[in-house]
Asks: 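Quick one: structure below, then a few questions.
Quick caveat: nothing in here was measured; it's all calculated off a predicted structure.
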Amino acid sequence: MYKEKLEKLYTKDKETFFNDLNNMLIKEEKKIIVTANPETLKYSTTDNIINKLLNDKNTISVADGIGVVKAAKILKIDVKERIAGIDIANELLELGNKLKKSIYFFGAKNEVMDDLLKVVKEKYPNIKVVGAQNGYVKDRDKVMNEIIKKEPDIVLVALGIPEQEKLIYKYLDKFKKGIFVGVGGSFDVISGHKKRAPKIFIKLNLEWLYRIVTEPSRLKRFYKNNIKFILEIKKEKKKQKK
C-alpha cells in the first residue's frame, strides 16, 4: 500500500537536494516538490489525484516528517534524512535571490502575506515578486491562470494539505517551467507570525512535539495521521514477510 510511494522518495541528504534545486532553477525545469508527511501518504490511499500526483514524472517527493523517514526504514528504504517544507521554502528564497529569479506567493491570511512581502523585500532584494495573493480569495482557478501568464520561476502555495498540492497539479501541464511547492504554514513562520521550534527540537527531530505542546489541538490530528500511519506500515511489513 505504502511501499510504492515510499520508494519514490528523494533518498539523498538535504545539501544534495538543495544543489539539485539550484540546478533545476538554472535549467528552468518544471517540477512539483511534494513535502510528504504521513498525512500526505494517507491521502494517497483514498484520493486518486494525490495518488496520481505522487506517481507523476514531474513530482519529487521529499520526507517532510520523521515519521516518513522511520516508515521508509521499516520497509528497508534508505532515506537519508528529513527535509522540512519550511527549509525548502527558505532555500528557494535564497536561491531565487542568488540567481535573480521570479516568484509568486499564494496562500495564508492577508496580514501574513503583507508581512511576508516585507521580509522578502528586505532579505531577498534580488528576487522579482511577480505576484502575491492571500488564500481567502474565492476564485482560486482565476489566480492559477494569472500565475500561468506571469511564468514565475518559483511558485509557493500555502493552502494546506491536500488542497495546495491538488491545485498545483490541476494546472501543472499549462506551465512551461517552474518549481512548485505546497508549503503549508511556512508563510506564517517566514513572515514572523509564528515561531518555528527551537533548534534543539529540530536537531532531535522533535519538531512535531513542539507543535503539539504549543498547539494542543493538533494532538488528535497527530494521532489520526502519524500514529495510525506507523501502525499501518508495521502491518504492511508483516504482510511482506508472509
Asks: Is it the case that more than 12 heavy atoms not belonging to K142 sit under 6.0 Å from its NZ atom?
Replies: no
Asks: So N134 and E111, side-chain contact (heavy atoms from CB on, under 4.5 Å) or not? Walk me through it.
Replies: CA-CA 9 Å; N134 72 68; E111 56 267 31; over 6 Å; no
Asks: Determine whether the side chains of D153 and S102 contain a donor N or O and an acceptor N or O closer than 3.5 Å.
Replies: yes
Asks: Can a salt bridge be assigned to the pair K3 and E236 using a cut-off of 4.0 Å between side-chain N and carboxylate O?
Replies: no
Asks: Using only atom types and a distance under 3.5 Å, with no angle test, would you say the side chain of E29 pairs donor to acceptor with the backbone of M24?
Replies: no
Asks: Checking N19 against T16: is there a side-chain donor and acceptor pair closer than 3.5 Å?
Replies: no
Asks: Has E81 got a side-chain atom pairing as donor or acceptor with K14's backbone, closer than 3.5 angstrom?
Replies: yes
Asks: Let me confirm one number: the CD-CD1 distance from E91 to I83, rounded to the nearest 0.5 Å.
Replies: 11.0 Å
Asks: Are there over 12 heavy-atom neighbours, none belonging to K70, within less than 6.0 Å of that residue's NZ?
Replies: no
Asks: What distance do L41 atom CG and I50 atom CD1 have between them, rounded to the nearest 0.5 Å?
Replies: 10.5 Å
Asks: Working to the nearest 0.5 Å, report the span between CG of L9 and NZ of K80.
Replies: 12.5 Å
Asks: How far apart are the C-alpha atoms of I103 and V155, what are their side-chain angles, what is the distance that settles it, and do they pass the side-chain contact (heavy atoms from CB on, under 4.5 Å) test?
Replies: CA-CA 6 Å; I103 193 166; V155 180; over 6 Å; no
Asks: Taking the side chain from D56 and the backbone from K52, do they hold a donor-acceptor pair closer than 3.5 Å?
Replies: no
Asks: Going through the checks in order, is the side-chain contact (heavy atoms from CB on, under 4.5 Å) test met by E94 and F18?
Replies: CA-CA 10 Å; E94 292 283 353; F18 288 167; over 6 Å; no
Asks: Given the rule that I, L, V, M, F, W and Y join up when any side-chain heavy atoms are under 4.5 Å apart, are M113 and Y136 in one cluster?
Replies: no
Asks: Between K101 and N126, do the side chains contain an N or O donor and an N or O acceptor separated by less than 3.5 Å?
Replies: no
Asks: Identify whether V189 and I212 are in the same connected component of the hydrophobic contact network (ILVMFWY, side-chain heavy atoms under 4.5 Å).
Replies: no
Asks: Measuring from Y124:OH to I190:CD1, what's the distance to the nearest 0.5 Å?
Replies: 7.0 Å
Asks: Linking I/L/V/M/F/W/Y whenever any side-chain heavy atoms sit under 4.5 Å apart, do V69 and I202 land together?
Replies: no
Asks: Could you tell me the separation between the CD1 atom of I200 and the CG atom of L206, rounded to the nearest 0.5 Å?
Replies: 8.5 Å
Asks: Are T45 and M1 side-chain neighbours, meaning at least one heavy-atom pair lies under 4.5 Å?
Replies: yes
Asks: Does E207 pair with R196 as a salt bridge, N-O distance under 4.0 Å?
Replies: yes
Asks: Test salt bridge (Lys or Arg N to Asp or Glu O under 4.0 Å) on K166 and D47 and set out the steps.
Replies: CA-CA 10 Å; K166 291 172 82 168; D47 191 308; 2.7 Å; yes
Asks: Do other residues, nucleotides or ligands put more than 12 heavy atoms under 6.0 Å from K234 NZ?
Replies: no
Asks: Please determine if K12 and D20 form a salt bridge, counting it only when a charged side-chain N lies under 4.0 Å from a carboxylate O.
Replies: no
Asks: Go through the steps for E163 and R140 under the test salt bridge (Lys or Arg N to Asp or Glu O under 4.0 Å), then give the verdict.
Replies: CA-CA 11 Å; E163 287 81 7; R140 290 177 173 178; 6.0 Å; no
Asks: Does one hydrophobic cluster hold both Y171 and I147, with members joined at side-chain heavy-atom distances below 4.5 Å?
Replies: yes
Asks: Quick check for you: to the nearest 0.5 Å, what is the distance between M144 atom CE and F106 atom CZ?
Replies: 7.5 Å
Asks: Taking atom NZ of K73 as the centre, report whether more than 12 heavy atoms of other residues, nucleotides or ligands fall under 6.0 Å from it.
Replies: yes
Asks: Could you please spell out the steps behind the salt bridge (Lys or Arg N to Asp or Glu O under 4.0 Å) verdict for K176 and E28?
Replies: CA-CA 9 Å; K176 295 175 185 176; E28 297 192 338; over 6 Å; no
Asks: Contact between S61 and T59 at the side-chain level, heavy atoms closer than 4.5 Å - yes or no?
Replies: yes
Asks: Do L25 and I154 pass the side-chain contact (heavy atoms from CB on, under 4.5 Å) test, and can you show the C-alpha distance, the side-chain angles, and the key distance before you say yes or no?
Replies: CA-CA 8 Å; L25 286 168; I154 302 165; 3.7 Å; yes
Asks: Going by ring pair (Phe, Tyr, Trp, His ring centres under 6.0 Å), name the pairs with one or both residues in residues 178-197, residues two or more places apart or in two chains.
Replies: F105-F187, F175-F180
Asks: side-chain hydrogen bond (donor to acceptor under 3.5 Å, both in side chains) for K5 and N51? Distances and angles first, verdict last.
Replies: CA-CA 9 Å; K5 305 296 183 307; N51 183 50; 2.7 Å; yes
Asks: For the residue pair N22 and K98, confirm or rule out a side-chain donor-acceptor distance under 3.5 Å.
Replies: yes
Asks: Does L53 belong to the same Ile/Leu/Val/Met/Phe/Trp/Tyr cluster as V62, with side-chain heavy atoms less than 4.5 Å apart forming each link?
Replies: no
